Amino acid sequence: MSDNYNDNYNVSSDDLNNNSNYSHDDDIDNKSSEVTFDSGSYEYTSENSKKKKKNPRFFLKVSAAVLAVVIVGAGTVQIYKFLRDTKAELAEFSNDAPAKPVSRELDKENSPKEDIPSLIELASRTDAKPIPDIVEDIMPSVVGVASTFEFEQQQSFSMWGWNTEPITQQATSTGTGFIISEDGYIVTNSHVIYDEQYNAGEAIEVSVLFSDESEHEASIIAYDTKTDIAVLKVDEKNLKPAVLGDSDELRVGELVIAVGNPLGFDLFGTVTSGIVSAVNRKIDINDKKMNLIQTDAAINSGNSGGPLLNSCGQVIGINSSKMSSSFSSNSASIEGLCFAIPMKQAKDIIDDLINYRYVTGRPQIGLNTSDIDEIQSRFYNVPMGVLIRAIQDGGAGDLAGLKVGDIIIDIEGETITTAQELHEVMDEYKAGDVIVLTVYRDGRDVKVKVTLQEDKSIPDSVKQNSNATGKNIT
């Protein structure tokens with residue numbers, strides 16, 4: 001029990017003393033068997049005086065009382081019959097049948113029970129399918145993804161002391177994916193096969209585990225770290241693709257189902273459910289602004305890349321991340337804050353990654369930059385902004401006349417201080433659009449018109465696997 005409850009009952013001595021205020025019939029002093037009468041208060045009579053003669057009028061009075069009772073009873077019966085007959089005649093005259101008394105218990109048994117819908121029914125679409133049927137249909141399309149990374153550890157300690165030479169190590173991580181075509185294309189998150197946290201980069205080996213427990217080697221077709229989407233390919237035929245839905249039709253409060261492999265393949269195909277907590281939720285993940293679906297369906301490490309389904313069994317999102325608390329004892333536990341990439345925006349990116357190995361129409365200027373914060377600004381007596389450190393030959397910045405050392409402080413009338421803010425504004429435009437940058441150069445502000453170019457950068461490893469098919473995923 002908590003401290004708010006006290007199971008002990010305390011009785012004070014005052015409470016015990018208060019009992020003396022109550023008198024009881026048992027409190028009789030029986031020390032003396034004699035009873036003393038006060039002649040001034042009580043009238044004493046002898047036994048002879050109690051015997052009296054019988055009065056003949058007494059019998060007459062009793063007989064009269066009995067007769068009166070009989071007469072009154074008979075009259076009452078006649079009045080009741082008169083009222084009952086009169087009520088029946090009035091009911092017949094008004095065509096109203098007399099109401100029959102019905103027991104409440106019988107009424108409850110005979111009345112039809114009202115069906116109260118469950119929470120799942122209330123959250124499901126009108127064309128919803130049973131959840132077991134949805135799971136049975138999607139499971140052959142869900143795969144586990146195992147990625148092997150290679151990275152260098154800069155320093156290590158041994159019995160000989162610190163070793164300054166880097167040591168190459170390997171690490172394996174697991175995630176989830178789902179099949180989108182019969183010929184073996186698989187979608188997952190880019191962070192499942194490309195590591196940015198430890199600078200390991202692209203995985204050197206990727207394999208997928210099917211629901212029938214068969215394992216297959218997979219090749220990386222392409223990935224986009226900005227939207228956290230990657231496409232893999234296995235050399236298999238006649239696979240069962242998942243049915244893709246329209247995430248724009250989602251409503252807040254709608255039922256969703258997540259399928260994945262939390263904490264590794266030992267829990268392969270774990271199914272959780274919840275509701276849509278929010279749509280078009282803008283959050284920052286690894287310094288990237290993303291527009292995601294928020295749900296309270298349980299998503300954990302290893303679920304990344306798995307499908308988020310609606311109540312019809314259609315994939316309407318790609319499970320991507322969850323919000324968790326730190327290990328500090330002062331931090332409250334965070335649960336039920338999970339996010340998925342909307343399938344509507346993912347479809348176009350998936351098609352581009354399959355067909356071109358990059359996301360088409362994405363603008364770029366062709367610059368290598370670094371941010372100038374407030375401390376650097378004061379120290380060097382320059383404005384806060386984005387410092388141009390290198391310019392790509394033939395790129396948009398080079399053709400526009402930008403120079404190394406320029407500090408970009410404004411784009412299209414919006415003041416910026418970081419490269420992230422620069423890209424956020426630039427992403428509102430497409431390749432071919434003309435924008436105006438304001439740069440700080442040689443102590444003065446200069447406006448420069450830049451024609452944005454398409455970002456066609458493709459990693460070398462992806463170029464080696466290039467075999468564009470012209471396929472569109474539907």
Side-chain angles (χ1 to χ4, degrees), residues 190-191 194-199 201 223-229 280-292 320-321 323 339 341 345 348-349 352 358-459:
S190 68
H191 74 259
Y194 185 89
D195 175 74
E196 292 181 303
Q197 184 176 1
Y198 301 101
N199 296 321
Y223 54 88
D224 180 47
T225 59
K226 192 169 188 177
T227 56
D228 198 20
I229 297 175
N280 300 321
R281 180 73 79 193
K282 294 178 174 59
I283 63 173
D284 292 334
I285 299 179
N286 297 329
D287 297 329
K288 299 182 182 69
K289 284 193 176 294
M290 304 186 70
N291 191 16
L292 304 174
S320 176
S321 59
M323 193 170 293
F339 302 92
I341 303 168
Q345 73 182 46
D348 295 335
I349 296 171
D352 283 347
Y358 67 92
V359 180
T360 61
R362 184 171 290 168
Q364 73 166 358
I365 304 177
L367 305 175
N368 187 350
T369 65
S370 63
D371 298 341
I372 296 180
D373 57 22
E374 185 177 359
I375 296 176
Q376 294 171 329
S377 172
R378 292 181 179 180
F379 184 82
Y380 294 106
N381 194 25
V382 294
M384 295 176 60
V386 180
L387 174 66
I388 299 176
R389 304 181 67 90
I391 301 176
Q392 179 183 358
D393 292 338
D398 185 26
L399 298 177
L402 293 174
K403 297 180 180 181
V404 174
D406 287 348
I407 301 175
I408 304 174
I409 59 176
D410 182 279
I411 175 173
E412 285 295 309
E414 294 189 31
T415 302
I416 61 169
T417 58
T418 64
Q420 181 179 351
E421 294 175 351
L422 173 64
H423 286 95
E424 287 176 4
V425 178
M426 190 172 62
D427 288 343
E428 298 176 1
Y429 301 86
K430 61 181 182 297
D433 291 343
V434 178
I435 61 174
V436 177
L437 299 179
T438 302
V439 300
Y440 178 81
R441 178 188 299 169
D442 299 331
R444 61 190 183 92
D445 295 346
V446 179
K447 292 186 179 299
V448 180
K449 289 185 178 182
V450 180
T451 301
L452 298 174
Q453 294 179 344
E454 187 175 45
D455 184 3
K456 298 182 180 181
S457 57
I458 303 175

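Fair warning: this is a prediction, and the values are worked out from it, not measured in the lab. Note that the numbering runs from 1 along the sequence shown for the chain.
Of all the heavy atoms in Gly394 and Asp398, the pair that sits closest is N-OD2, 2.9 Å. Across every non-hydrogen atom of Leu452 and Lys430, the tightest pair is CD1-O, 3.9 Å. When all heavy atoms of Ser377 and Ile372 are compared, the closest pair comes out as N-CG2, 3.8 Å. In terms of heavy atoms, Ala419 sits closest to Val386 at N-CG2, 3.6 Å. Considering all non-hydrogen atoms of both residues, Tyr440 and Asn381 come closest at OH-O, 4.4 Å. Contact between His191 and Ser320 at its shortest, heavy atoms only, is CE1-O, 3.5 Å.
Rounding to the nearest 0.5 Å gives a distance of 5.0 Å between CD1 of Ile408 and CG of Leu437. With rounding to the nearest 0.5 Å, the separation of CD in Gln364 from NZ in Lys456 is 10.0 Å. For the atom pair CE of Met384 and CG of Asp371, the computed distance is 8.5 Å after rounding to the nearest 0.5 Å. Atoms NZ and CD1, on Lys289 and Ile283 in that order, are 10.0 Å from each other to the nearest 0.5 Å. Between the CG atom in Asp410 and the CG atom in Leu422 there is a gap of 10.5 Å [rounded to 0.5 Å].
You'll find the side chain of Thr369 stays beyond 4.5 Å of the side chain of Leu387, heavy atoms only. The side-chain heavy atoms of Leu402 and Val448, taken from C-beta on, include a pair separated by under 4.5 Å. Here the side chains of Asp427 and Lys226 are in contact, with some heavy-atom distance below 4.5 Å. The shortest side-chain heavy-atom distance between Val425 and Ile435 does not fall under the 4.5 Å cut-off. Asp228 places none of its side-chain heavy atoms less than 4.5 Å from the side chain of Ile285. In this structure the side chain of Gln392 never reaches within 4.5 angstrom of the side chain of Gln453, judged on heavy atoms. With contacts defined as side-chain heavy-atom distances shorter than 4.5 Å, the pair Ile341/Leu292 qualifies. Side-chain contact between Ile229 and Ser190: absent, with no pair of heavy atoms (C-beta onward) separated by less than 4.5 Å.
A donor atom on one side chain and an acceptor atom on the other are not found under 3.5 Å apart for Asp445 and Thr438.
Here the side chain of Glu414 pairs no donor or acceptor atom with the backbone of Ile411 at under 3.5 angstrom. A donor-acceptor pair is defined here as one N or O able to donate and one able to accept, closer than 3.5 Å; no such pair exists between the side chain of Glu454 and the backbone of Pro363.
Taking 4.0 Å as the cut-off between side-chain N and carboxylate O, Asp224 and Arg362 count as a salt-bridged pair.
Among residue pairs with one or both ends in residues 399-409, those qualifying as side-chain hydrogen bond (donor to acceptor under 3.5 Å, both in side chains) are Asp406-Arg441; sequence neighbours excluded.
Environment of CG in Asp284: crowded, with over 12 heavy atoms of neighbouring residues, nucleotides or ligands closer than 6.0 Å.
Residues meeting the side chain to side chain donor-acceptor pair (under 3.5 Å) test with Glu374, sequence neighbours left out: Arg378. Take Phe339 and apply the ring pair (Phe, Tyr, Trp, His ring centres under 6.0 Å) test, not counting sequence neighbours, and it matches no residue.
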